[in-house]
Amino acid sequence: MRVVGKPLPKVDAAAKVTGRALYADDIALPRTLHCKILRSPHPHARILSIDTAAAKRIPGVLAVITGLDLPIKFGILPVTQDERALEHEKVRYVGDPIAAVAATEEEIAAAACDAIEVEYEVLEPVMSIEAALQTPKDERIQDYGGPNNVHKLVALEFGDVEGGFSRADHVREDVFFFQGNTHLPMEQHSAIATYVDGKVTLWSSTQVVHYVHRALSKVLELPMHRIRVIGAAHGGGFGGKTDPFAHEIIVSKLAMITGRPVKCTLTREEVFYAHRGRHPVLMWVRTGVTRDGRITAMHFRSALDGGAYGSYGVASTFYTGALQTVTYDIPAYRFEGCRVFTNKPPCGPKRGHGTPQPRFALELHLEKIAHDIGLDPVELKRRNFVQPNTRTVNWLRVTSCGLEECTDRVINASRFHDRERRPGHGMGFAISSYLSGAGTAIYWNDMPHSEVQIKVDRGGVTAYCGAMEIGQGSDSVLATIVAEELGLQPSDIRLVTADTDTTPIDLGSYSSRVTFMAGNAALEAARKMRALLVEAVEASGRRIDDVTFEEASMLAEARFGTLTTAGSYTPPKIAGPYKGSGVGPSPAYSYSACVVDVDADARTGLIRVNKVWIAHDVGRAINPLLVEGQVEGSVYMGLGEALMEEQAFRKGLHKWPSMLEYKSPTFLDMPEIETFIVETIDPEGPYGAKEAGQGPLLPVPPAVCAAVHDALGVWIDEIPVTPEKVVEAVRRKEKGEPARYGPQRFPPIPYPPTIKVEPPPKDAAITAI
Amino acid sequence: MRDVERVVLILDVNGEARQLLVPSHKTLLEVLREDMQLTGTKHGCELGECGTCTVLIDGKPQLSCLLLPIQLEGRAITTIEGMANGSDLHPLQVAFAELGAAQCGYCTPGILLAARSLLEENPRPTRDEIREALAGNLCRCTGYTKILQAVELAAERLR
Amino acid sequence: MAAELGPRAMFVAGGTDLFPKLKRRQFEVDSLIGLDFLPRAIRNRSDECVIDAGVTLAHASHDPHLNERFSGYAQAAGHVSSPPLRNAGTIGGNLCVDTRCNYYDMTYEWRKAAGFCLKKDGDICLVAPSSPRCWAVSSSDTAPMAIALDGLVTLVGASGERELPVTALYRDDGDRYMAKQPDEVVTCLRLRRSLNTRSAYVKLRRRGSIDFPIAGAAVAVELDGDRVESCRIVLSAVASYPLEAKAAEEFLKGRRLQEDVIREAAEIASKPAKPLDNADLSHFWRKRMVRVVVEQALARVSDQQPGLDG
């Protein structure tokens, strides 16, 4: 291959190293008004009245709006349309938007927000999972869901779980907690809207122009063709810009009212309130194994602290139970999940969406089982690895799988089994898997998940796709695939992306779907274009290899007229035959294995990560440089979550909504990373490619905890592993108590009756159902 | 509303003397972005906590969100727009592009400028010296690995 | 000028502490008085070093003479925040840096939602609601070291110039933490120690950069042969002022800096430290870590062992 597999610069690199790339807040249109949003100071309150009269009188204020101006509810999932751009009845977290101002200057807008009088009836806030399961003192946070403040309950059983446990020689139970954390993109969310000739145009730092488009249409009550959403250059998402946000709707509405461009850039503090980050999840897991370490059954329970709104939460809940089976062959599996509402900023998808928490629990739990039965943890895990081309007990289809090779790479490179034995030194190992795109769309439909058009005119090639470059290399992947098929370089391809007026639909940059889905759509479109060129060249009596691309394109244009082709990608229908089976299926799964080397100090609890080895099965690296970048970035984020990042609350407020106190690792906190790319050439991925952007985060937190145990002999069953927790665990160990820090119990949860699902037959076809 | 006091300033930005009339309380970050259309300088917190808005003042990295232009007359201000020589990119910019050191690219201008200051003072930095010099600049995408490699590559080419 | 403008005016040197606080409306002023006109030199003399208040933290941390003679001070300056901040922040500014508290170092909107505290706009301390005073934490890295090195500061104000020990700059009050008059400006710092003074600063913080100290130990020791002739141990970030560990200083006098002595001295030094729940990580752990940072600082002056911060 000519360009696939080559470490070429990203196609947008020049714009980014020169400061030329235009992010949403960089866009300056004539007569732009500044928007500020008044937010709730209470975690839970009824709004009795909102008086905007004084604010409206301030010179320079052109519009003040409240929830009465935007009463229609929206939400990313069709089943949880529970958000308003501005709340006029009830606020559910500190930071909930109440009113918005458009003014000639930012300071005037801020002063106008100050001048808005809101009367509240303060309600008792609910700030924990335990509290949300109790009867609310005043009233529940949302008026839908399960009992008390329960949002979603699910209970599924695959195969004979009781039978599996009875066959086990050893059964173990553990409880784990994974604290919530946030994406912390370097760029604060920003959006600017215009309203011209009855049409709204919005530039936004979103990961998904299509979903913003849909939400705007619903709330503004405009048909979609009168709304255009353009993805501006994007300063980091990690899942945090995947929901439609209040500020995007607000600036559009204010532009409609004032007839002038309106911009809103969130402050850093507001970014913490927009959130949609990692759910805090409490987990209980029980597993049976045979004497030689084979899993016979597993029962997994999760309780997610969802924050105040639905967001992606229903999907997140299913994800905490879905992918356990994709790495380990679990013959019988029961999952019970629960999401509760609390008076905190809503949680949603962050890198690994709903799966890093159970992965953390699962990997540590198996590590403990290995210790119980005197088996090397790596060996125990290996004995249970899933095999390629199989179906899991919960009907997930596994095709390419590089778990063995990933494991070999990191175990050998780190000399894991010959590691240095000195006090305080330890190594930990963990594996993981992630989706290459969700197999089902957010909203049910039969249409493709990605569409690409290609236009060729006299030597020039333009590819059009709704996919959104968020730094991960979406544009580069499209350009590389088109270039490969047409015999060009990626830099030869002009790209038009993420613009709902001009580009065909792509569902956006989430669930690690772009390379696989937009990549396949681009491949189809490019191959069709190549066929046209070949046909035209051959009709002229020559061979495609003997003419230049310009010549070929002119011959084809002469023969066929305007040269356009299109390709699209629809995932195979592979979901299992049960309710809830839509979460988990993916056309392909990536695999990762990781070893972390630490020095841990028993006295201070301080942990120094010396090195991380990580191997990632990406199917095929379309650009190895970008794959490494995704893997290294995932390790970074995984270490941040493992050691310091924490979305903590105190007295109903976010404890530290700032970049100083929310700890993101600096250059001095990152170890060396050795990355191995493993290629398994997936049968359905473009050139065999799978995802790289999320999966490699997952094994990092459990590998850190395994390493800390290796170093100090204590289990830290709670993320993040802060020094105070380590010190406390060491103290307990020295006193002869269980050498562990973590949650003591899993609360009783009113799970519904378990839905029993027959596992797929052993010889189930793996291609489709 | 209080009347906003405005001042006339001449700032030397990227070697160009620019005369400006700006409110005296506006930060350099705001003046660069809003009054000079130099939007290559980004912001991540506007409180001095993330390093995103780094520019060079007399060749040394400082945070433009914590500087008042009124204090900077007569000093050389360099932003990302002043890093390339005409159409020729600075070797650091080339290396960052080649090695994938910019993902979302939002922290990149600040890091490039801080790295340039480092290499001007220390053409042969060790990896730890690079880490020290860039430790005020957060990046959420790269895990820093490719940035370190790119600074090393540029240093080698600049020697 | 400051005297004329009154309380709605503030001095600004590097601005690295002041501007974020203005943006968060922790400080509200009508006028800022820039101190850029003040000299910014480090003057080395045989028995002392005079550092102008306008010298940047970066400059001080790289100065060869300071590194040789007052290495603890250079270390402390080099551990303040992050490199770009040290290029703007000054040594005078760091001596006067506002006390910190994670109920106070928040935006106006956050403080309003939490309920204002007595350091700004409110009338109770949110950390210790039953206490009549403010418990914000002294968060200067260089002040403890300047005190340990018997530093003197020069203050210039409307009523003239005076020189006083650095330690006299501070009060045990998180709100009004400085003893100087509002119209007085720190113009220089004078460090004086004999040639055989050894000093070290060990800082505890979550990350390798950017963060304020959550505990720290500044130690300066004069040795007579292998015995301690005199020493000063000053703790950062465990009280509303740089806290001198006098009992530990007494204990060390005449002793050799060997492992068991260091351990005992550190134990004594940690006793008066009372971190509260208003900074990063738990105050229990921070209290426990005071011993560790003192030990490491003493170990470093005894045989130049690296500390937590390498």
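FYI, side chains are in, hydrogens and waters are out, and symmetry mates aren't considered; it's all heavy atoms of this structure. The structure displayed is predicted, hence computed values, not measured ones.
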Once rounded to the nearest 0.5 Å, what's the spacing between atom [atom1] of [X] and atom [atom2] of [Y]?
X      : Y      : atom1 : atom2 : result
B/C45  : A/Q188 : SG    : CD    : 7.5 Å
A/T18  : B/H90  : OG1   : NE2   : 14.0 Å
A/E632 : B/K146 : CD    : NZ    : 3.5 Å
A/E628 : B/L99  : CD    : CG    : 9.5 Å
A/F667 : B/L148 : CZ    : CG    : 5.5 Å
A/M659 : B/R140 : CE    : CZ    : 7.5 Å

Are the side chain of [X] and the backbone N or O of [Y] linked by a donor-acceptor pair below 3.5 Å?
X      : Y      : answer
A/Y636 : B/T145 : no
A/R268 : B/E46  : no
A/K10  : B/G100 : no
A/E187 : B/Y106 : no

Would you mind telling me which of B/G40, B/G51, B/A97, B/P109 has the largest number of heavy-atom pairs within less than 4.5 Å of chain A?
B/A97
May I ask you to name which of B/Q37, B/M83, B/H43 has the most heavy-atom pairs under 4.5 Å with chain A?
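Answer, by heavy-atom pair count under 4.5 Å with chain A: B/H43.
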So what's closer than 4.5 Å to chain A heavy atoms on B/L112: side chain, backbone, both or neither?
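Looking at B/L112, just its side chain touches chain A.
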One thing to verify: whether A/E105 and B/K26 come together as a salt bridge, which I'm taking to mean a side-chain N less than 4.0 angstrom from a carboxylate O.
no
Using a strict cut-off of less than 4.0 Å between a Lys/Arg side-chain nitrogen and an Asp/Glu carboxylate oxygen, indicate whether B/K42 and A/D26 qualify as a salt bridge.
yes
Using heavy-atom distances under 4.5 Å, tell me whether A/M186 contacts chain B through its side chain, its backbone, both, or neither.
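Contact with chain B is through both the backbone and side chain of A/M186.
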Could you look at A/T265 and say if it's the side chain, the backbone, both or neither that has a heavy atom under 4.5 Å from chain B?
side chain
Just so I understand: if I count every heavy-atom pair under 4.5 Å between each of A/L184, A/L22, A/I470 and chain B, which residue has the most?
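Greatest number of close heavy-atom pairs with chain B: A/L184.
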